[in-house]
Structures are given as structure tokens and as C-alpha cells.
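Presented below is the structure to which this report refers.
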Amino acid sequence: MLKSGKLQVISPLMLGLMLVLVSCRSQTTQYYSCEGKTQGTMYHITYEYNTDIHTEIDSILVAFSASLSNYNPQSVVSKFNNNDSGFVADTMLIRMINLSREVWSKTGGMFDITIAPVANLWGFGWEKVSVPDTTKLSEALRNMGMDKIVINGNKVTKTDPNVTIITNGIAQGLSVDCMAEFFEKKGIRNYLIEIGGEIVAGGTKKNGEMWRIGIDEPIKGSDYSNRVTQTVINLNGKAVSTSGNYRKFVEMNGSQLGHSLNPKTGYPATTDMLSATVIADNCALADAYATAFMVMGFEKSMELADKLTGIEVYFIYLGSDNSHKVAYSKGFTNYFAE
């Protein structure tokens with residue numbers, strides 16, 4: 001209301017302050033959480049933003065599965081595997097192959113996404129069959145090789161039509177990276193993204209504390225309902241992945257063999273490694289290295305980890321007295337929660 005017949009004059013400075021206040025009110029943020037199914041597993045995501053973007057999150061996960069899901073017969077990777085005449089490589093497939101080739105090279109071939117024929121024979125892929133015989137394994141091994149996949153610009157070809165790719169050793173980690181990149185582009189800085197146990201964390205929780213991640217004790221046959229925490233780490237701006245053989249295995253001659261397959265022999269790896277946790281700048285590499293370390297065993301894994309930059313590790317392995325032992329890289333100490 002105007003008083004004394006005088007006009008109220010608002011200075012440019014005051015007008016600017018009023019606009020800022022209105023803008024701040026419209027940009028009030030809160031923490032949102034969502035969960036659901038994707039890639040044959042569950043996802044759990046928490047983020048701070050000015051609106052609920054659950055629908056966008058689901059759209060990204062659907063698009064990712066349309067590219068790299070082995071269980072979707074119409075996905076890009078399935079068309080590549082089936083030598084489909086309509087196959088056209090996308091940026092996600094190329095990105096995954098390039099990252100996989102990097103880890104394949106640095107681990108001496110102990111991480112190999114072309115192990116698909118072997119994984120399917122053991123029932124660890126998208127086909128469910130019985131334990132294979134040596135003849136089938138030998139044939140499957142001949143159909144492997146990262147060097148048989150050729151990338152030329154935006155085209156992906158293979159020198160052997162029998163080469164097929166299994167994505168479960170890196171794709172979930174890559175999907176977490178894609179979600180984190182989406183968040184960063186939207187200006188979301190506080191978030192926790194977990195897909196099938198692969199995790200990227202940024203910023204802090206609602207209470208201002210750092211995100212705390214538990215590393216499970218490797219108890220054979222345990223699941224998410226009766227898991228036991230071995231240790232807890234703080235995470236901010238990093239990715240973490242843990243691989244282990246204690247939840248998924250196959251019976252053979254009265255023994256339980258883990259799902260970590262040796263690309264050289266075609267058989268489940270028999271090593272002293274029980275659990276491998278990797279912290280890295282991106283989740284795809286953390287996922288892939290954790291998978292490779294399970295095959296390589298404790299000593300070779302620790303030797304390689306000491307040479308890698310941007311990688312920190314936490315290993316649980318069997319000692320000579322058959323007890324659980326723990327070892328970790330020097331830099332991993334920076335992540336232990338108090």
C-alpha cells in the first residue's frame with residue numbers, strides 16, 4: 001500500500017537483491033532417494049537437488065541396458081555378439097571396450113570381456129547350462145581374445161565371428177559412472193549412486209557427514225540379509241568396487257568353485273583371494289580391476305596395484321594357516337572411517 005500519496009522507488013540494487021531472494025526460494029534443495037531394478041540387480045541412489053528426477057534416472061538406466069545388457073536380445077552388445085546385420089556400435093559400447101582393453105593389457109589378460117563363451121558354459125553368463133567338459137572349454141577358449149575386436153573410429157568389428165562379449169565385469173561400474181556424470185552436468189554435487197554393489201559418492205550426506213561405505217566380511221553363502229561388515233570407509237569424489245567368490249559359485253566334484261574365471265585356463269580361478277576392494281577415480285576401472293584381482297591372487301594383485309596410479313586396494317585373502325588375512329595399499333589408509 002502507498003502512503004502519503006508518495007511513490008515507493010526501488011533502487012536497482014534493492015531490485016537485484018529481491019530477485020536473488022526469489023531465485024533462492026525457487027531453488028530450495030532437498031535429499032531424494034530412489035531404488036529399483038536394473039541390469040538384473042538393484043540400484044539405490046540418493047541425491048540433493050531442487051526436484052525429484054527419478055524419471056530421468058530410470059530413463060538413463062533403460063538407455064544403458066539397451067546398449068550393454070547381455071540379457072536384452074535387442075541391445076547393442078547382443079547384436080554385436082550375434083553378428084546381427086543391423087548392428088551399429090554406439091559410444092557406450094566403444095567406451096566399454098576401450099576401458100576393458102586397458103585393464104586387459106595391464107593385467108596380462110586376466111580381465112577379458114571376450115570370456116563370454118566360457119562364462120556361459122559354466123552358467124555364469126546369460127545361458128544356464130551344466131559344468132562343461134574339456135572339449136567344449138577348449139573350443140570356447142579358441143573363440144576368445146581382446147585382440148580380435150577392432151575399433152576404427154565409430155565402428156566396431158571382429159576378426160573372428162565367434163567372438164562374443166560378456167559385460168558383467170565392468171558394465172555395472174560404467175553405468176554408475178554415467179549416472180554420476182549426469183548428476184554433475186545437472187549441478188548435483190551431493191549424491192551416492194549404488195548399482196549392484198558398485199558405488200560412486202560425491203559431496204556429503206544430508207547431515208554434512210561423508211558417505212560411509214561398508215566392506216563385507218567374505219562369509220561363504222552370505223547374502224544381503226545376513227552380511228557382516230569387515231570395515232568401513234569414507235568416500236567423496238571416488239568410486240569403489242568389491243569383488244568376491246563367496247556368494248556365487250558352482251558345484252564340481254563335491255567342491256564349490258567361485259565365479260571368477262581364469263581367461264587362460266577357462267576354469268574358475270583357484271587363488272588365495274577372498275575379496276578384492278578397489279577405490280578409483282571411476283567405477284568402471286574399479287569394477288574391472290576388482291574382477292581381475294580375484295583371478296590373479298594376492299601377491300600378484302598387490303604387486304600390480306603398487307604400480308598402478310589412481311588405484312587403492314583392500315584385499316582379504318587366505319593365509320598359509322588358512323585364516324583370513326587383510327592387506328591394503330598405503331593410500332587406502334586415507335579412506336578408513338574413524
Side-chain angles (χ1 to χ4, degrees), residues 44 99 102-108 110-111 169-170 172-174 176-177 180 190-205 208-219 222 224 227-247 258 260 269 271-321 323-338:
H44 304 85
L99 287 169
E102 175 185 340
V103 181
W104 171 76
S105 176
K106 291 185 177 179
T107 60
M110 286 303 182
F111 178 80
I170 191 171
Q172 286 181 0
L174 183 54
V176 172
D177 290 333
N190 297 318
Y191 57 83
L192 180 73
I193 304 165
E194 181 264 324
I195 301 177
E198 316 303 334
I199 298 171
V200 168
T204 62
K205 297 188 291 185
E209 295 180 356
M210 293 183 67
W211 300 101
R212 293 165 63 89
I213 311 297
I215 298 174
D216 287 353
E217 182 180 342
I219 301 174
S222 66
Y224 294 101
R227 62 205 302 180
V228 177
T229 300
Q230 172 88 21
T231 191
V232 178
I233 61 173
N234 290 323
L235 205 64
N236 176 18
K238 292 287 184 177
V240 63
S241 175
T242 297
S243 184
N245 281 326
Y246 49 95
R247 288 194 176 120
S260 297
T271 72
D272 52 0
M273 193 76 83
L274 297 174
S275 170
T277 297
V278 178
I279 294 177
D281 289 334
N282 68 73
C283 204
L285 288 180
D287 192 3
Y289 275 116
T291 301
F293 290 148
M294 288 301 302
V295 177
M296 295 170 63
F298 169 65
E299 288 191 7
K300 290 182 178 179
S301 295
M302 186 59 80
E303 181 181 348
L304 175 59
D306 287 340
K307 297 177 182 177
L308 296 171
T309 57
I311 296 287
E312 302 298 344
V313 299
Y314 180 96
F315 297 144
I316 305 175
Y317 64 101
L318 279 177
S320 57
D321 59 354
S323 64
H324 290 196
K325 304 291 185 181
V326 172
Y328 44 84
S329 58
K330 183 178 179 181
F332 200 94
T333 59
N334 297 323
Y335 299 94
F336 286 123
E338 296 182 357

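Residues I199 and I193 form no side-chain contact, since every pair of their non-hydrogen atoms from C-beta on lies 4.5 Å or further apart. Considering only heavy atoms from C-beta on, S301 comes within 4.5 Å of F315 through its side chain. Looking only at side-chain heavy atoms (C-beta outward), I170 and V103 stay at 4.5 Å or farther from each other. V313 has its side chain out of reach of T277: every pair of non-hydrogen atoms, C-beta onward, lies at least 4.5 Å apart. The closest side-chain heavy-atom distance from Y289 to T107 is below 4.5 Å. The side-chain heavy atoms of H324 and L318, taken from C-beta on, include a pair separated by under 4.5 Å. Side-chain contact between L308 and K106: present, with at least one pair of heavy atoms (C-beta onward) separated by less than 4.5 Å. Within the 4.5 Å cutoff, the side chain of L99 has heavy atoms near those of the L174 side chain.
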Practice task
Please assess T291 against F111 for the test side chain to side chain contact (heavy atoms under 4.5 Å, CB included), listing each intermediate value before the final yes or no.
Solution key: CA-CA 7 Å; T291 301; F111 178 80; 4.1 Å; yes
Practice task
Check step by step if side chain to side chain contact (heavy atoms under 4.5 Å, CB included) holds for F293 and M302.
Solution key: CA-CA 9 Å; F293 290 148; M302 186 59 80; over 6 Å; no
Exercise for the section: Take V326 and Q230 through the test side chain to side chain contact (heavy atoms under 4.5 Å, CB included) and record every step on the way to the result. Expected result: CA-CA 10 Å; V326 172; Q230 172 88 21; 3.5 Å; yes
Practice task
Report the C-alpha distance between T229 and E217 in whole Å, list the side-chain angles of each, state the deciding distance to 0.1 Å, and finish with yes or no for side chain to side chain contact (heavy atoms under 4.5 Å, CB included).
Solution key: CA-CA 6 Å; T229 300; E217 182 180 342; over 6 Å; no
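Classified by interplanar angle (parallel below 30°, tilted 30° to 60°, perpendicular above 60°), the ring pair Y328/F332 is tilted.
Residues V295 and S260 share a closest heavy-atom pair of CG2-CB, 4.1 Å. The two residues A276 and A290 come nearest to each other via the heavy atoms O-CB, 3.7 Å. Of all the heavy atoms in E198 and C283, the pair that sits closest is CB-SG, 3.5 Å.
Taking OH of Y314 as the start and OG1 of T231 as the end, the distance is 5.0 Å to the nearest 0.5 Å. Note: K300 NZ to D272 CG = 11.0 Å, rounded to the nearest 0.5 Å. With rounding to the nearest 0.5 Å, the separation of CG in D306 from OG1 in T309 is 12.5 Å. Taking CG of D216 as the reference point, atom CD1 of I316 lies at 8.5 Å (rounded to 0.5 Å). With rounding to the nearest 0.5 angstrom, the NE2 atom of H44 is 10.5 Å from the CG atom of L192. Residue F298 holds its CZ atom at 7.0 Å from CE of M273, rounded to the nearest 0.5 Å.
A donor-acceptor contact shorter than 3.5 Å is absent between the side chain of W104 and the backbone of M110. With hydrogens and angles disregarded, no donor-acceptor distance shorter than 3.5 Å links the side chain of N236 to the backbone of M210. Although no hydrogens or angles enter the test, the distance criterion places no donor-acceptor pair under 3.5 Å between the side chain of W211 and the main chain of V200. Between the side chain of T271 and the main chain of M294, a donor-acceptor pair closer than 3.5 Å is present. Panel note: side chain D177, backbone A284; a donor-acceptor pair is recorded below 3.5 Å.
A 6.0 Å sphere centred on CD of E102 holds more than 12 heavy atoms belonging to other residues, nucleotides or ligands.
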